[in-house]
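Presented below is the structure to which this report refers.
Chain naming here is simple, since letters A, B, ... match the order of the sequence lines and numbering starts at 1 in each.
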Number of protein chains: 4
Amino acid sequence: MSVTLLFPDAGDEAGPGKREQTKAQNRDAILKAARAVFSELGYEAASVRDIIRRTGLASGTFYNYYRSKEEVAKALVADVAQRLRPILRAQREQAHDFESYLNGAIRAYFQFIIDELRNWGPGRPRGDRNPYIKVQTPGQGAVFEEIQASINLVLELGLGPRVDTEFLTAALIGVAQNIGEKMLARDPIDLDAAADFAVNLILHGVSAMPRRHPA
Amino acid sequence: MSVTLLFPDAGDEAGPGKREQTKAQNRDAILKAARAVFSELGYEAASVRDIIRRTGLASGTFYNYYRSKEEVAKALVADVAQRLRPILRAQREQAHDFESYLNGAIRAYFQFIIDELRNWGPGRPRGDRNPYIKVQTPGQGAVFEEIQASINLVLELGLGPRVDTEFLTAALIGVAQNIGEKMLARDPIDLDAAADFAVNLILHGVSAMPRRHPA
Amino acid sequence: MSVTLLFPDAGDEAGPGKREQTKAQNRDAILKAARAVFSELGYEAASVRDIIRRTGLASGTFYNYYRSKEEVAKALVADVAQRLRPILRAQREQAHDFESYLNGAIRAYFQFIIDELRNWGPGRPRGDRNPYIKVQTPGQGAVFEEIQASINLVLELGLGPRVDTEFLTAALIGVAQNIGEKMLARDPIDLDAAADFAVNLILHGVSAMPRRHPA
Amino acid sequence: MSVTLLFPDAGDEAGPGKREQTKAQNRDAILKAARAVFSELGYEAASVRDIIRRTGLASGTFYNYYRSKEEVAKALVADVAQRLRPILRAQREQAHDFESYLNGAIRAYFQFIIDELRNWGPGRPRGDRNPYIKVQTPGQGAVFEEIQASINLVLELGLGPRVDTEFLTAALIGVAQNIGEKMLARDPIDLDAAADFAVNLILHGVSAMPRRHPA
DNA sequence: CATGAATGAGCATTCATTCAT
DNA sequence: AATGAATGAATGCTCATTCAT
């Protein structure tokens, strides 16, 4: 027979009580597990069970924090947004013409995905299942949402060229996304090369690009 | 003793037997249902059962034609490739400089996805499930594979500008994909506007773009 | 601040918690159902679904306890082995010549299958399906394994006659199995008659058998 | 366009017409396939589909000859019975005492299963699935039925010792079955050794057995 | 709040059997 | 009589979610 004495909140001092602390820990553990699982299996293929397993918690516990896979994904998205948004805002506020904004924003974006790489895993190894299907994780989706919003803000403020802004946004996003991806796939990762390429292409087009091999 | 005369295929005008006919019909029905289901639910979320239900056939019948969801997807991909490839090849063969190739290829691609629109559904209405996750159908994946291959061919032949071809391909694909998508979402669909925008952007960059609203 | 006193296992007389109790009950229910189903349908013909149905539990519950039909069978086998093995060991240790061992082992075996009768059902009523095919349940298979092992031990120790031990074991098993079966089919069950017959036959052969009907 | 001329029964001469011939061929092919499949997979695990596949015929054709797996099994059983029965009958008629009958019958049985070995495969390789479960093919079941019937005939005629004939039959069958099995498993197969062992055991019991290794 | 067993809907797949050709 | 596609019941198993402890 054993007697267990628990003192769950044994102090007056400020800070989260043990209760709140564990709650935060669990919430974090679930988010971390979800990030890993989404990255490894892809969002759709991942199951709540996968996340729970990774967590080590009891299955019921998951539902004390999130009601479904979708909800965890939303939380993940919010997390990314919260970290990326101020960075992009800073770029907007610093920039005084479109060129400088573009340069700053693209570099900020590239830096961000480099930093996140360690959270997300190498990209999409689950492409094995079907080589033609690109799978996004909620985090990746969130990043694009953010930069899209940022670009729109700038364009709507009239800072950019006076062109079809919807098309322009779409194009910028496409370039950033795809070049960013290639950048991550290379070793070593060369942010400057990728950013210069993207910015130059968008600003001056292919015709003004520096020759790669001045044969 | 009896003499039996069989005329199993009595003439050139004879069509396929009833058996072959219904077989072809079923195969088609399954492909059509799969296309619709993939488009509505996304490839990963779609289940074989969903496809079967859409088909109206008995569940066992599906397996007389395809062994799995993956196999139907492959068939869908092959179908797209088979239709898109000759078009892109023609563009490559006609073009004598990068500008003309780019123009032709982008228009061909835009035309193709306009034609396919009715097969693919309006884009991705299954974003309801998670608005941050872009889901590709096998068909869409196949299209990108094809144009990527086409671009690579051209760039490797030295027709294009002498820049980092991997980055360039990535950027072109990104621009085409995202602008194409916006084009489809507009009503009326204006291929010329979209193609002009994309081609100009890539060739001369934002700086040389015509003003949209010469206010 | 709060003090929580937990008495998770407060004493020797405390039984298992309700959770553990129902778990044990379920495990037992599954085993019992499996025994019945194997006995009625035969091992191969029995499906996991059959066992589940018999159980009254939800289908998923089965898989909380066993991963497959094979696993339940293994549990059944282990159960039989655990109960039969010590009995046979005792016989071996008591016996000082082959005759006494044989007598003890056969009686022990016959007694065991009489006791198990209520678990196994009457033998193989599923012969309806095909009267020529004898079907064994995992339990029956386990019993034969055990007595075979026991006989082999004795023979290898040199206690038995110095003959081809593989053949001898095979013959003993065959006699015990088939006479035991006939014994169970009779009403009333007469263990002594069956055991005497089997032991005498093996020891002295048909020539020395007592006449049945001294007409 | 092709014209096919078939002369399915082009003659008056006796013998089966092509029609009957193909019918017999198909029937045979099915039986042969069934034998092989039962032997490889076990009776229960074998499916009608397995048999059909092995046959090369169309699935529908099977049902023109047999209505189910059970029916093919019955046909297989009848076939074995038809071949084994006269052999055993001859033994009965030749024998004038129990000893000679037993000797003849056991040898006949052993010879038969040696001959059939090539039809049945090596015994039961599908024991992998569950090592405790012995699986019988319909053919094997049929053989035991036959020799059991033969023994019963002899015993009921009063030729054998006046003992409990049901028990005696059971014991004989058990010995013959198990020793026969061991005989088949050895290389080289030694019919005489096995038969001598079995006959001696039954007639005189273990006490009178010749020592194996007169150390 | 944490736990983890119970639940039953759902899924992929196979199979015996039928029947139009 | 042969064919082989169609059928839909059945199977093994997984999963999200609930809820008593």
Sugar-phosphate, base or nothing in reach of C:R27, heavy atoms under 4.0 Å: nothing

Sugar-phosphate, base or nothing in reach of A:Y65, heavy atoms under 4.0 Å: sugar-phosphate

How many whole angstroms separate atom [atom1] of [X] from atom [atom2] of [N]?
X: B:R53; N: F:dG8; atom1: CZ; atom2: P; result: 15 Å
X: B:E71; N: E:dA12; atom1: CD; atom2: C1'; result: 14 Å
X: B:E20; N: F:dA6; atom1: CD; atom2: P; result: 11 Å
X: B:I30; N: E:dA12; atom1: CD1; atom2: C1'; result: 15 Å
X: A:Y66; N: E:dC1; atom1: OH; atom2: P; result: 14 Å
X: C:E70; N: F:dG12; atom1: CD; atom2: C1'; result: 11 Å
X: D:I51; N: E:dC15; atom1: CD1; atom2: P; result: 12 Å
X: C:E44; N: F:dG12; atom1: CD; atom2: P; result: 13 Å

Within the 4.5 Å heavy-atom criterion, are [X] and [Y] side-chain neighbours or not?
X: A:F38; Y: A:I51; result: yes
X: D:D28; Y: D:Q25; result: no
X: C:E44; Y: D:V135; result: yes
X: C:V72; Y: C:F62; result: yes

A:D79/A:K74 under salt bridge (charged side-chain N to carboxylate O under 4.0 Å, His left out): CA gap, chis, key distance, verdict: CA-CA 9 Å; A:D79 173 65; A:K74 253 189 265 180; over 6 Å; no

Exceeds 12 heavy-atom contacts within 6.0 angstrom, atom CZ of B:R53: yes

Any A:N26 side-chain N or O less than 4.0 Å from OP1/OP2 of E:dC1: no

Pair C:D50-C:S47, side-chain donor/acceptor within less than 3.5 Å: yes

Where protein sits on nucleotides 16-21 of chain F, one letter per nucleotide: B base, S sugar-phosphate only, - none, heavy atoms under 4.0 Å: BBB-BB

Closest to the A:N64 side chain, choosing from E:dT3, F:dA6, E:dA6: E:dT3

Face-on cation placement of A:K23 at A:Y65 ring, 6.0 Å and 45° thresholds: no

Terminal helix-axis angle for the helix from E:dA2-F:dT21 to E:dT21-F:dA2, with five pairs defining each axis and rounding to 10 degrees: 0°

Lys/Arg-Asp/Glu bridge criterion (N-O < 4.0 Å) met for A:R54, A:E40: yes

